[in-house]
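Notes for the one structure printed next.
Residue numbers begin at 1 in each chain, while the letters A, B, ... track the order of the sequences. Quantities reported herein were computed from a predicted structural model and do not represent experimental measurements.
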Amino acid sequence: MIFLRNPNIFLCESSRELMPEQTFTRAAEVIPSEDSVTIRGWIYRIRKMKDKIFVVLRDASGIIQCIGQEDNLNPEAWKMLNEAAIENYIIVEGNPVEDNRAVNNVEVKLTDFKLMHKGEIFPIAKDKSKEFMLDNTHLFVRSFQSTNVWKVKASVLRASREWFFENDFYETTPPILTGSACEGGSTLFSLKYFDSTAYLSQSIQLYLEALIYSLEKVYAITPSFRAEKMRTKRHVNEFWHIEGEEAFVDFEGNMKIQEDMVAYIVQYVLEHNEKEFRELKRDTSVLESIKAPFKKVSYKEAIDTLNENGFDLQWDDDMKTEEERALSNIIGEPFFVRDYPSKHKPFYVKLHEDDPKWCYSADLMAPEGFGELITGGQREDVLDTLVRRIQEEGWEIEDYSWYVDLRKYGSVPHSGFGLGAERLTWWLCGLDTIQETLPFPRTRNRVYP
RNA sequence: GCCGUUGUAGCUCAGUCCGGUGGAGCAAUCGGCUGUUAACCGAUCGGUCGUGGGUUCAAAUCCUACCAGCGGCGCCA
């Protein structure tokens with residue numbers, strides 16, 4: 001294949017190789033017209049009558065109703081139409097006409113019908129349980145319930161990249177295979193790495209921290225793995241992590257970056273995914289009112305608010321799911337919980353200079369009871385303090401020697417955060433479980449298909 | 001790991017409390033059919049009731065052991 005300078009010419013040439021002399025109209029783009037259209041896709045629904053058959057064709061863009069009548073089709077096409085079944089691959093040709101009895105008020109009167117692949121009976125029918133769908137994920141990914149979510153998620157990833165690009169962040173590619181833990185040892189997946197042991201990354205944060213010394217503002221979008229044996233609506237064992245790290249940015253500046261980015265993503269999906277939200281029956285009124293800056297509540301204020309609403313918590317109690325959900329519903333808009341008690345946060349979080357029982361860590365919470373989207377904060381940049389914190393947690397300094405090294409050569413104040421792509425998509429789409437935001441969710445009991 | 005719960009047709013479920021020849025809808029097959037919207041109507045096909053053991057004249061149903069799934073919590077993005 002010749003690579004031509006003009007990318008459009010290149011695309012033309014390559015698609016001609018795939019499907020010569022043929023242009024197809026996308027299902028959602030069919031409009032009433034004098035001209036005949038050719039569409040390819042899969043059968044979404046088919047309804048057979050004596051002398052006419054309604055076939056609803058699905059492609060990546062959406063659906064279009066077609067009507068095949070015995071009088072208008074050659075015998076071979078009529079025969080194939082009668083044999084056709086759900087999810088068969090078809091190519092149809094016909095005249096698009098306005099008709100308010102059809103979806104989108106357009107219908108294609110077929111002049112030709114080709115059954116390209118009949119195949120076997122599609123196993124997914126009307127009645128379906130969540131377990132059955134998970135067993136058949138490879139087929140369920142064709143459903144609109146799924147594809148609408150994949151489209152929103154694609155927007156989330158695209159919008160976050162756009163935001164980073166517009167704000168002078170470099171995209172980087174840190175390793176997913178690693179020789180040491182990030183947050184501790186308890187939830188790592190380990191694997192044989194030649195003659196030693198390696199782990200799947202839980203977060204590439206520590207590597208991003210190394211990269212700020214040259215690129216200053218960096219981000220990466222990578223899978224993260226947590227070997228936790230939990231079964232909840234908001235956890236999966238493999239998820240996509242959108243992580244940013246910024247030199248010369250303090251705790252406040254870090255929160256500003258997060259709220260600007262999340263507000264941008266929300267705005268982007270509202271503009272680009274209106275159809276998907278409508279089909280997912282997502283009421284977007286909460287999303288429409290979201291603007292940066294977000295409300296900020298200190299951990300202490302959060303505890304007080306909860307206690308005023310019937311809880312009985314101490315200032316340094318760890319907030320549980322029930323409490324976080326309650327707080328999210330009380331506040332009703334995205335908000336940060338800031339300045340956590342240090343004892344609940346890992347060694348790399350910077351402590352308050354005047355009172356080390358608090359630290360510069362903040363969680364961004366989604367409203368409507370969805371809870372945490374982001375954890376972020378300022379990192380400890382003083383060598384001695386970092387070493388002491390690692391020792392206090394009982395880790396071996398040797399395991400973190402490269403990370404400790406970063407504070408020896410031109411250490412600078414810096415901050416960062418980790419946003420869960422699935423958490424965000426889950427909330428934006430208003431789904432029941434986070435598992436629905438992944439085509440092949442990895443959970444405690446499921447790595448197949 | 002803890003607590004709860006479920007296992008009956010390819011799929012979704014009823015039947016279990018109170019033992020007496022296993023049901024429905026969907027799918028599939030065949031037939032019918034008025035422009036259908038997960039079309040509709042009729043018929044047909046389809047099950048060692050999770051597995052082993054026990055009680056009983058008789059077990060999907062009662063007892064027991066085991067297996068598997070699901071939900072919630074611990075955690076966190």
Side-chain angles (χ1 to χ4, degrees), chain A residues 43-56 58 63-69 83 85-87 97 99-105 107 109 120-136 139-140 143-145 156 182-184 186-187 201-205 221-243 258 262 318-325 337 340 344-346 361 363-366 370-376 417-427 432-435 437-438 443-446:
Chain A
I43 295 179
Y44 178 62
R45 300 277 187 268
I46 187 160
R47 296 181 274 275
K48 297 176 184 177
M49 262 152 279
K50 190 179 185 181
D51 57 350
K52 62 175 75 74
I53 293 177
F54 293 95
V55 53
V56 181
R58 168 183 71 75
I63 56 174
I64 177 76
Q65 175 167 301
C66 308
I67 179 166
Q69 284 166 297
E83 287 171 6
I86 287 191
E87 287 302 316
V97 297
D99 195 315
N100 58 19
R101 292 169 296 190
V103 235
N104 307 333
N105 297 322
E107 178 177 271
K109 297 215 176 292
E120 299 178 19
I121 297 156
F122 198 64
I124 298 176
K126 179 176 150 186
D127 293 312
K128 56 202 192 239
S129 64
K130 212 157 247 180
E131 301 89 82
F132 183 74
M133 289 306 145
L134 287 168
D135 287 338
N136 291 281
L139 302 176
F140 186 61
S143 70
F144 282 109
Q145 173 65 29
V156 166
C182 170
E183 319 238 347
S186 61
T187 61
S201 171
Q202 297 171 303
S203 162
I204 44 82
Q205 178 201 319
I221 301 178
T222 63
S224 280
F225 302 87
R226 307 272 165 98
E228 281 145 1
K229 293 180 176 178
M230 50 193 44
R231 321 155 42 84
T232 79
K233 286 170 188 274
R234 43 188 197 291
H235 290 93
V236 279
N237 293 304
E238 175 181 359
F239 66 96
W240 284 80
H241 217 162
I242 302 170
E243 293 177 271
Q258 294 166 47
V262 169
D318 205 359
M319 265 197 276
K320 298 271 191 292
T321 301
E322 189 192 347
E323 287 113 33
E324 267 181 16
R325 194 171 293 151
V337 176
Y340 274 77
H344 300 316
K345 293 292 173 180
S361 181
D363 286 1
L364 176 59
M365 305 285 186
F370 281 88
E372 262 185 77
L373 298 176
I374 294 182
T375 292
F417 64 93
L419 165 62
E422 286 76 16
R423 286 275 173 92
L424 183 55
T425 307
W426 176 46
W427 165 56
D432 182 34
T433 70
I434 200 168
Q435 286 83 6
T437 65
L438 283 150
T443 54
R444 182 175 170 184
N445 298 318
R446 206 176 282 280

Open item on the list: If you assign A/R101 and A/K50 each to the RNA chain B nucleotide with the nearest heavy atom, which residue ends up on the more 5' nucleotide?
Closed with: A/K50
Task: Position toward the 5' end of RNA chain B (nearest nucleotide), A/T321 or A/R444 - done: A/R444
Of all the nucleotides listed ([options]), which has the minimum atom distance to the side chain of [X]?
| X | options | result |
| --- | --- | --- |
| A/I121 | B/rA27, B/rC73, B/rU36 | B/rA27 |
| A/N445 | B/rG35, B/rG74, B/rG69 | B/rG69 |
| A/T232 | B/rA77, B/rC70, B/rC73 | B/rC73 |

- [ ] Could you tell me whether a side-chain N or O of A/Q435 sits under 3.5 Å from a main-chain N or O of A/T232, the two making a donor and an acceptor?
- [x] yes
Task: Expected output: side-chain A/R226 to main-chain A/E238 donor-acceptor under 3.5 Å - done: no
TODO: Considering only NZ, NE, NH1 and NH2 on the basic side and carboxylate oxygens on the acidic side, decide whether A/R325 and A/E323 come within less than 4.0 Å.
DONE: no
Open item on the list: Is there a side-chain contact between A/K233 and the phosphate of B/rG72, meaning an N or O under 4.0 Å from OP1 or OP2?
Closed with: yes
Open item on the list: Using OP1 and OP2 only, check whether a side-chain N or O of A/T375 sits under 4.0 Å from B/rA77.
Closed with: yes
Task: Identity of whatever pairs with B/rC66 - Watson-Crick or G-U, under 3.5 angstrom - done: B/rG50
Task: Nucleotide paired to B/rG25 in any strand shown, Watson-Crick or G-U, under 3.5 Å - done: B/rC11
Whether the side chain of [X] and the base of [N] hold a donor-acceptor pair under 3.5 Å is what I'd like checked.
| X | N | value |
| --- | --- | --- |
| A/R423 | B/rC76 | yes |
| A/E324 | B/rC76 | yes |
| A/E228 | B/rG1 | no |

Could I get a table of every N or O pair under 3.5 Å where one atom is in the protein and the other is in nucleotides 11-15 of chain B?
{"residue": "B/rC11", "atom": "O2'", "partner": "A/D127", "partner atom": "O", "Å": "2.3"}
{"residue": "B/rU12", "atom": "OP1", "partner": "A/S129", "partner atom": "OG", "Å": "2.5"}

TODO: Assert yes or no for the condition that the ring centre distance of A/Y44 to A/F144 is strictly below 6.0 Å.
DONE: yes
Hey, does [X] reach any base, or is it just sugar-phosphate, or nothing, if we go heavy atoms under 4.0 Å?
| X | answer |
| --- | --- |
| A/V56 | nothing |
| A/R325 | sugar-phosphate |
| A/L373 | sugar-phosphate |
| A/E422 | nothing |

Open item on the list: By a 5.5 angstrom centroid cut-off and a 30 degree plane limit, is there stacking between A/F239 and B/rA77?
Closed with: yes
- [ ] Answer yes if the side chains of A/Q205 and A/E243 hold a donor-acceptor pair under 3.5 Å, and no otherwise.
- [x] no
- [ ] Taking atom types as modelled, find out whether A/T433 and A/R234 have a side-chain donor-acceptor pair closer than 3.5 angstrom.
- [x] no
Heteroatom pairs (N/O) under 3.5 angstrom, protein to nucleotides 43-45 of chain B:
none

